[in-house]
Amino acid sequence: MQKTQFFSWLVSGRPSFHLPALKLLLESMFLSVDPYMRPYSQRIMKEGDIMIGTQVARIVESKNPAFTVGAFVVADRGWRTHFISDGKGLQLLLSSWPESLPKSLALGTVGMPGLTAYFGLLEVCKMKPGETVLVNAAAGTVGSVVGQLAKIGGCKVVGCAGSDDKVAYLKKIGFDEVFNYKTVKSLDEVLHKASPDGYDCFFDNVGGEFASVAINQMKKYGRIAVCGAISQYNDSVPQKGPYMQMPMIYKELQMEGFLVTRWNSRREEGLQALLKWVVEGKVKCHEQVTEGFENMPMAFIGMLKGETLGKAVVKV
Ligand code: NDP
């Protein structure tokens, strides 16, 4: 579509082009800003590429009988207000999605980050009732779901976050022990005090120094899910060390990195479970919504700097 045609349609409200057969025209309602965009854009994208990302979009015109106008989908089409699709790769919002529930949650708790928490905790940490779970970046999207699912699963949960407001929020949603990692004198001491017997599961969103300290506090046969390394996403030179072999050996730990896409075939199962817990009020969600497509960069940078509580989304 020509740019001028597109703008004339936006102004007039009438399409001035012909949508080809089997194609859809969609408008983004909400766009997600996520940590993975930082290392991805640094390492893989070239100047001039459209920034990668996910949106909740509404179908505004359809020449594809499989998709009806007005339906909402989750798409992976980057930072765009509108796009044309042949329908491939679009995920319709769950049919059981309640009208009263914000559709933006499909980018957070009931979307990819929620699934990351769900599969990381169940399949990588192999959490069991009665165990103690440690999670960092706990007031973020993945971390807050990890903590709440661990509570549903009958575990004790220790979390950390980067501000006192975030600490207060985590206590409110049921975390057992929470601390502000930016103000503690000794991370080692605070982790020990929060769980003197150590940790069975460590869900690591941060990596770097936090992970090096936490690994020494694991119980024997503990499991570590290496989900993210946000403390390193800005590094132009890879950090050296720490060298974790000794605690890995003498505590017989399991440490496993994962990508949520490993469980794509079980996506529906995970989303249904998360949606049910959200609707029942067992999993609480907090969103920080920035208004306006032009504010995408500001929302993205703010999320990386820790200015966001819960999921950062942009309302287009
Ligand atoms: P969040 O909503 O948690 O946002 C990022 C948070 O990370 C910030 O709010 C900030 O909180 C914290 N943070 C930023 N810099 C640092 C730092 N240097 N040290 C410690 N904390 C920091 O993001 P998500 O929940 O979307 O993602 C969490 C992690 O999970 C990320 O590492 C991400 O890359 C990873 N991830 C991995 C997936 C996978 O398939 N493996 C899929 C999805 C996400 P604070 O104020 O507490 O510092």
Side-chain angles (χ1 to χ4, degrees), residues 31-43 52-54 76 104-125 134-149 158-170 175 178-184 187 202-214 224-235 239 255-264 266-267 270 274 283 285-290 299-314:
L31 281 152
S32 182
V33 286
D34 296 274
Y36 73 86
M37 294 170 176
R38 178 65 178 148
Y40 189 91
S41 59
Q42 268 180 323
R43 280 164 213 161
I52 52 162
T54 314
D76 225 348
S104 47
L105 292 182
L107 300 174
T109 307
V110 192
M112 181 279 285
L115 292 173
T116 305
Y118 179 86
F119 290 114
L121 205 50
L122 297 184
E123 302 295 343
V124 183
C125 280
L134 171 65
V135 57
N136 48 21
T141 329
V142 175
S144 61
V145 181
V146 166
Q148 294 181 85
L149 297 191
V158 178
C160 76
S163 77
D164 293 345
D165 285 351
K166 291 184 180 185
V167 167
Y169 172 74
L170 292 172
F175 278 59
V178 197
F179 62 91
N180 180 344
Y181 71 93
K182 288 185 180 163
T183 55
V184 294
L187 188 55
F202 170 29
F203 195 108
D204 185 15
N205 289 315
V206 170
E209 195 192 336
F210 188 102
S212 337
V213 174
I224 302 166
V226 183
C227 173
I230 196 163
S231 67
Q232 292 160 45
Y233 291 171
N234 265 332
D235 293 349
Q239 289 175 21
M255 187 177 196
E256 184 179 344
F258 72 96
L259 288 172
V260 63
T261 46
R262 191 190 303 177
W263 297 280
N264 273 351
R266 291 174 60 194
R267 193 175 172 275
L274 291 160
V283 170
C285 324
H286 193 282
E287 288 186 305
Q288 202 136 332
V289 183
T290 302
F300 179 48
I301 294 165
M303 177 276 300
L304 289 174
K305 285 163 98 177
E307 290 164 4
T308 313
L309 171 63
K311 176 71 189 134
V313 288
V314 174

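Counting from 1, the numbers follow the sequence of the chain as shown. In listed order, ligands and their atoms are each counted from 1.
Closest to atom 3 (O) of ligand 1 among all protein heavy atoms lies Gly140 CA, 3.2 Å. With respect to atom 23 (O) of ligand 1, the closest heavy atom belonging to the protein is Pro35 CG, 3.3 Å. For atom 40 (O) of ligand 1, the nearest non-hydrogen atom of the protein is Val260 N, 2.8 Å. Atom 10 (C) of ligand 1 has its closest protein heavy atom at Gly306 CA, 3.6 Å. Counting only heavy atoms of the protein, atom 47 (O) of ligand 1 lies nearest to Gly162 N, 2.8 Å. Atom 4 (O) of ligand 1 has its closest protein heavy atom at Met303 SD, 3.7 Å. Here the heavy atom of the protein found nearest to atom 13 (N) of ligand 1 is Ile230 CG2, 3.7 Å. For atom 14 (C) of ligand 1, the closest heavy atom belonging to the protein is Leu304 O, 3.4 Å.
Under 4.0 angstrom from ligand 1, there are no non-hydrogen atoms of Ser163. At a 4.0 Å heavy-atom cut-off, ligand 1 touches Thr308 through the backbone alone. Under 4.0 angstrom from ligand 1, the non-hydrogen atoms of Cys227 come from both its backbone and its side chain. Neither the backbone nor the side chain of Lys311 comes within contact range of ligand 1; no heavy atom lies under 4.0 Å.
Distances below 4.0 Å separate heavy atoms of Gly228 from the following atoms of ligand 1: 32 (O), 35 (C). Under a 4.0 Å criterion applied to the non-hydrogen atoms of Val206, ligand 1 contributes the atoms 19 (N), 20 (C), 21 (N). Short contacts between ligand 1 and Tyr181, defined as distances under 4.0 Å to a heavy atom of the residue, involve ligand atoms 19 (N), 20 (C), 21 (N), 22 (C), 45 (P), 47 (O), 48 (O). Close approach of ligand 1 to Ala161 is summarised as follows: ligand atoms under 4.0 Å from at least one heavy atom of the residue are 47 (O).
The closest approach between a heavy atom of Tyr233 and any atom of ligand 1 is below 4.0 Å. At a 4.0 Å cut-off, not a single heavy atom of Pro39 sits close enough to ligand 1 to count as contact. At least one heavy atom of Met112 sits closer than 4.0 Å to an atom of ligand 1.
Considering only residues two or more places apart in sequence or on other chains, Gln239 meets the side-chain hydrogen bond (donor to acceptor under 3.5 Å, both in side chains) condition with Asp235. The side-chain hydrogen bond (donor to acceptor under 3.5 Å, both in side chains) check on Thr109 picks up nothing, with sequence neighbours excluded.
Checking only distances, Thr141 does come within under 3.5 Å of ligand 1, N or O to N or O. Residue-to-ligand polar distances keep Asp34 apart from ligand 1: every N/O pair is separated by 3.5 Å or more.
At a threshold of 4.5 Å between non-hydrogen side-chain atoms, the residues Pro35 and Met303 count as touching.
The heavy atom nearest to atom 42 (C) of ligand 1, considering only Thr116, Leu107, Asp235, Leu115, is found in Thr116.
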